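Working notes, beginning with the structure itself.
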Amino acid sequence: MTDVNSIVAGWLRDLAFIQTSPHSRWGYKRAASAVMRLDVPIDTLLKEDGTLQTIPHIGPASTRVVLEVLATGESAWVEQAVEASPQRADVLRRRGLRSNFLSRAAALAAMAAHQPSVPSLSDYRADLQMHSDWSDGSQTLEEIIATGVSRGYSHSAVTDHSYGLPIARGLPMARVVQQHEEIDALNAKYAGRFRLLKGIEANIRADGSVDMTPDELAQFEIVVAAPHSALRSSNDQTARMLAAVQTPGVHILGHPRGRMYSSRPGVTADWEHVFMAAARFGVAIELDGDPARQDLDYDLAQRAVTSGCLFAIDSDAHAADQWWYAETGLAHARLAGVPRSRVINCWPLAKLLTWAESRSRAA
Ligand SMILES: [Zn+2]
């Protein structure tokens, strides 16, 4: 698949990383993000005279790169600058950390393609990884409900960080009790319209253990377990991920690799082995749609399809304007051929809860 916006953004990123002034570095990074977030392929914004339509945040120097890449498939200008830069090695390393990241335009194209058995946005009724202002998000619980209703969802889970991740303002269990009281009150208020599930994003420690006790995990309806450390190590971490999916009470393996766009590779593991175990234990593998994560991507997700896994497709939204991230995850699922029936976000609430309870009892 050719994702022209992703290619153009890559060259702008290269240009950003070799800048010596923080201001120009920021400017080219912002231009790259603007290209990644366009709704349409950037070549459709060329005018008849060969110039580019005005695009917010894309200045004259970035436009020069865009036109060069559209004309020749690469930017000789950026390449020369990279060759001459003391940052060259870092740029080459970062180029290797941008594979299978979809631009918004490519995600929209994947969403629009006719494919009967994969999930579409209209099948999607619940976002199962989201953060509120109780931990490191900015949306209140009631705002989460309002946004969910406005998107036509019937339920969703708030999954703030666990106490093991204080850097993300993880919730001590005493705060969890208070949060659950507020969720109960909101669910009573919105009964029949929307149901907010009590979730948590637990942290998978480097040794594969989850940072909460079984009794604590049992207090949640949805447990996402996700790695947040050792994400730049090239050591094999299969044992870590196997231990996580085998932990009773874990429902979703969240952003399984922990990769970050142009920045870090995430966990190295024998993923087939991990997926087979997840399928056996009934743990859903997440496609985290945060544009900077896109984790799993469609290649790896396809291998999880073959292994028989269930899937969760989530936004990982920390704010009300990030819910569309779920669509990036949906696009990866569609490209991977994930069957709709295996996407837990598309299940009716009762089916989701029955599955979640059986997973909580598993020991
Ligand atoms: Zn996380």
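In this text, all values refer to a predicted model and were calculated from it rather than measured experimentally. We use all heavy atoms of the structure for the numbers below, so side chains are in, but hydrogens, waters and symmetry mates are not. First listed ligand is number 1; within each ligand, the first listed atom is number 1.
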Which of the protein's N, O or S atoms come within less than 2.8 Å of the Zn ion (ligand 1), not counting waters?
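Checking every protein N, O and S atom gives Glu201 OE2, His228 NE2, His255 NE2.
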
Which pair of non-hydrogen atoms, one from Gln237 and one from Ala230, has the smallest distance, and what is that distance?
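Shortest heavy-atom contact: NE2-O, 2.8 Å.
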
State yes or no: are the ring centers of His251 and Phe220 separated by less than 6.0 Å?
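No, the ring centres sit 6.0 Å or more apart.
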
Hey, do the aromatic rings of Tyr124 and Tyr153 have their centres closer than 6.0 Å?
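Yes, they do, as the ring centres are separated by less than 6.0 Å.
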
Would you call the rings of His131 and His318 parallel, tilted or perpendicular if under 30° counts as parallel and over 60° as perpendicular?
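His131 and His318: parallel rings.
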
Do Glu68 and Glu74 have side chains that get closer than 4.5 Å, going by heavy atoms?
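Not in contact.
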
Salt bridge or not between Lys189 and Asp184? Use side-chain N to carboxylate O under 4.0 Å.
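No, this pair does not count.
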
